[in-house]
Colleague: 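Sending over a structure as structure tokens; questions will come in a sec.
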Amino acid sequence: MVMVAVNAQKSFPGRPASYQAEPGLHTRVDATTGPIVIMIHGMKYAPHCPKLCPHQFIFAFNPKRHRKGIRSWPRHLGFTENCDGLVIGFGWPAGDKLYQAFNEAPHSGKALACFIEDLKRHAPERPIQVICHSMGARVFLSALLYLKARSVQRAVIMSGAELRNNARDALATEAGRKVEIFNITSRENDVFDFLLEIAISPFSGKTAAIGRGLGKDFDNWVDIQMDQKETLNALAGIGFRIAPPTRRICHWSPYIRPGMFPFYRRLLRNPERLPAALLATHLPDKTSARWSRLFALPHRFRALPFIQKL
């Protein structure tokens, strides 16, 4: 396994979008085979800041220390020290303020597009896959605005912090029409989606977060609600046993719940074994309504006979 750290440069007036990669990137690409997996973090992370550096935490094979929401993405994706594969941690200056991250993400998305273009020029036959969390979804979707068709084969978005109208714009591009996107949602994330909506576009009923899904508007976009019983049963039926949710509110559920990463591993590293169209046929047609989890009755009350008759 080869791991590479790449960082987007922070935006400044007049500075073009750019990135910095570890030395010997092309040599490391040539030394591996199979899909190249790019990981993109969300808020609360920023390269070159020891307490916030994603390469020391979620992007590290062995994180230096543990804190809330920390999991080694590459290790849980099945990249081991002895396996043949290339995984890239793409860092960007997200910081810890919503507006700062939201405004910085498009600039970092353009830097990501530059990086992917360079990868495709060097290894045009290698498929590129993406996995991102929270505001990292906005970085990835912004990159689609600048990329050519089939620059990215597949992407997994976990609790994406982006608005539906921006996602639709990205999907209407040359690259957006060809990439397969798996939108991992959960009603555990409703509070975070709501806060994004009112912070970025208050009093607008037309602007909703992608946590509500895009439905059947796009053939290459698959909404997967991971706290829905029907979804978990469907995935179990095709070999993926994912633990049910245990919280009413959680932003990190898509990658800390047991069983999630084996599913992502199949999607990203063995895409031919799980076609998007096949997966979509197993999933329920509808997702649960917003707040349905937050205001649901506790399990101990749902079993009462008079409650079941309501």
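Computed from a prediction, not measured in an experiment: that's the story for all the values here.
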Colleague: Looking only at atom types and distance, does a side-chain atom of Arg154 sit under 3.5 Å from a main-chain N or O of Phe182, one as donor and one as acceptor?
Modeller: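 Between the backbone of Phe182 and the side chain of Arg154 there is no qualifying donor-acceptor contact (under 3.5 Å).
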
Colleague: Starting at CG of Asp193, measure out to CD1 of Ile198 and round the result to the nearest 0.5 Å.
Modeller: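 Result: 11.5 Å between the selected atoms.
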
Colleague: Counting C-beta onward and ignoring hydrogens, is there a side-chain heavy-atom pair between Glu230 and Leu232 closer than 4.5 Å?
Modeller: no

Colleague: Quick one, Leu235 and Leu279 - any side-chain contact, counting heavy atoms below 4.5 Å?
Modeller: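 Result yes, sub-4.5 Å side-chain heavy-atom pair found.
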
Colleague: Do side-chain atoms of Gln56 reach the backbone of Lys51 as a donor and acceptor pair under 3.5 angstrom?
Modeller: no

Colleague: Would you kindly check if the NZ (Lys) or CZ (Arg) of Arg187 is within the cone defined by 45 degrees around the ring axis of Phe295 and under 6.0 Å from the six-membered ring centre?
Modeller: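 That pair does not qualify as a cation-pi contact.
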
Colleague: Between Asp227 and Gln225, is any side-chain donor less than 3.5 angstrom from a side-chain acceptor?
Modeller: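 The answer is yes; a qualifying pair exists.
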
Colleague: Answer whether the closest heavy-atom distance between the side chains of Val191 and Trp291 falls below 4.5 Å.
Modeller: yes

Colleague: Within this structure, what is the CD1-NE2 distance for the pair Ile224 and His282, rounded to the nearest 0.5 Å?
Modeller: 12.5 Å

Colleague: Which label fits Phe263 and Phe240: parallel for a plane angle under 30°, tilted from 30 to 60°, or perpendicular past 60°?
Modeller: perpendicular

Colleague: Measure the acute angle between the ring planes of His76 and Phe261, then classify it against the limits of 30° and 60° as parallel, tilted or perpendicular.
Modeller: parallel

Colleague: Take Val179 and Leu144 through the side-chain contact (heavy atoms from CB on, under 4.5 Å) test and state the conclusion after the steps.
Modeller: CA-CA 9 Å; Val179 62; Leu144 295 180; 4.2 Å; yes

Colleague: Looking only at non-hydrogen atoms, find the nearest pair between Arg168 and Phe218 and report the distance.
Modeller: CG-CE1, 3.8 Å

Colleague: Give a yes or no answer on whether the side chain of Ser11 reaches the backbone of His107 with a donor-acceptor pair at less than 3.5 Å.
Modeller: no

Colleague: Is any side-chain heavy atom of Pro245 less than 4.5 Å from a side-chain heavy atom of Arg257?
Modeller: yes

Colleague: How many angstroms lie between OG in Ser72 and CG in Asn62, if you round to the nearest 0.5 Å?
Modeller: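 Reported to 0.5 Å precision, the distance equals 6.5 Å.
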
Colleague: At their closest point, which heavy atom of Ala60 faces which heavy atom of Pro74, and how far apart are they?
Modeller: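 In terms of heavy atoms, the two residues are closest at O-CG, 4.0 Å.
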
Colleague: Ignoring hydrogens and angles, tell me if any N or O in the side chain of Gln153 forms a donor-acceptor pair with the backbone of Pro127 under 3.5 Å.
Modeller: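 Flag not set: sc Gln153 to bb Pro127 has no pair under 3.5 Å.
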
Colleague: CZ of Phe90 to CD1 of Ile40: how many Å apart, nearest 0.5 Å?
Modeller: 6.5 Å

Colleague: Provide the closest heavy-atom pair for Ala167 versus Ile210 in the form atom of the first, atom of the second, distance.
Modeller: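 That closest heavy-atom pairing would be CB-CG2, 3.8 Å.
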
Colleague: Are any non-hydrogen side-chain atoms of Tyr264 and Ile131 less than 4.5 angstrom apart?
Modeller: yes

Colleague: side-chain contact (heavy atoms from CB on, under 4.5 Å) between Val6 and Glu22: does it pass, once the steps are laid out?
Modeller: CA-CA 6 Å; Val6 177; Glu22 287 184 291; over 6 Å; no

Colleague: With distance as the sole test, does Asn220 use its side chain to make a donor-acceptor pair with the main-chain N or O of Gly176 at under 3.5 Å?
Modeller: yes

Colleague: If you define the side chain from C-beta out and look only at heavy atoms, does anything of Leu119 sit under 4.5 Å from Ile128?
Modeller: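 A side-chain contact under 4.5 Å exists here.
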
Colleague: Please determine, by modelled atom types, if His251 and Ser134 share a side-chain donor-acceptor pair under 3.5 angstrom.
Modeller: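 The answer is yes; a qualifying pair exists.
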
Colleague: Rounded at 0.5 Å granularity, tell me how far CZ in Arg241 sits from CG in Asn233.
Modeller: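 Output value for this atom pair is 9.5 Å.
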
Colleague: Are Trp92 and His41 an aromatic pair, judged by ring center distance below 6.0 Å?
Modeller: yes

Colleague: Starting from Tyr99, can I reach Met135 by hopping between I/L/V/M/F/W/Y residues whose side chains sit under 4.5 Å apart?
Modeller: yes

Colleague: Kindly give the heavy-atom pair with the smallest separation between Phe57 and Pro50, and that separation in Å.
Modeller: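 The answer is CE1-O, 3.8 Å.
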
Colleague: Do Ser253 and Glu188 meet the criterion of a side-chain donor-acceptor pair at a distance under 3.5 Å?
Modeller: yes

Colleague: Using a 6.0 Å distance limit plus a 45 degree cone around the ring axis, check whether Arg138 lies over the aromatic ring of Phe102.
Modeller: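 Judged by the rule, Arg138 and Phe102 form a cation-pi pair.
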
Colleague: Could you walk me through whether Arg212 and Glu197 pass the salt bridge (Lys or Arg N to Asp or Glu O under 4.0 Å) test, one step at a time?
Modeller: CA-CA 11 Å; Arg212 297 198 195 186; Glu197 293 167 1; 3.4 Å; yes

Colleague: Enumerate the salt bridge (charged side-chain N to carboxylate O under 4.0 Å, His left out) contacts for residues 102-131, please, sequence neighbours excluded, ordered by first and then second residue.
Modeller: Lys10-Glu104, Asp118-Arg121

Colleague: Does the side chain of Thr287 come under 3.5 Å of the side chain of Gln228 through a donor N or O and an acceptor N or O?
Modeller: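 Judged by distance alone, the side chains do not pair up.
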
Colleague: With rounding to the nearest 0.5 Å, note down the distance linking CZ in Arg266 to CD1 in Ile238.
Modeller: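 Taking CZ in Arg266 and CD1 in Ile238, the distance rounds to 8.5 Å.
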
Colleague: How are the rings of His26 and His122 set relative to one another: parallel (under 30°), tilted (30 to 60°) or perpendicular (over 60°)?
Modeller: parallel

Colleague: Step through the shown structure and confirm whether more than 12 heavy atoms of other residues, nucleotides or ligands are within 6.0 Å of CZ on Phe192.
Modeller: yes

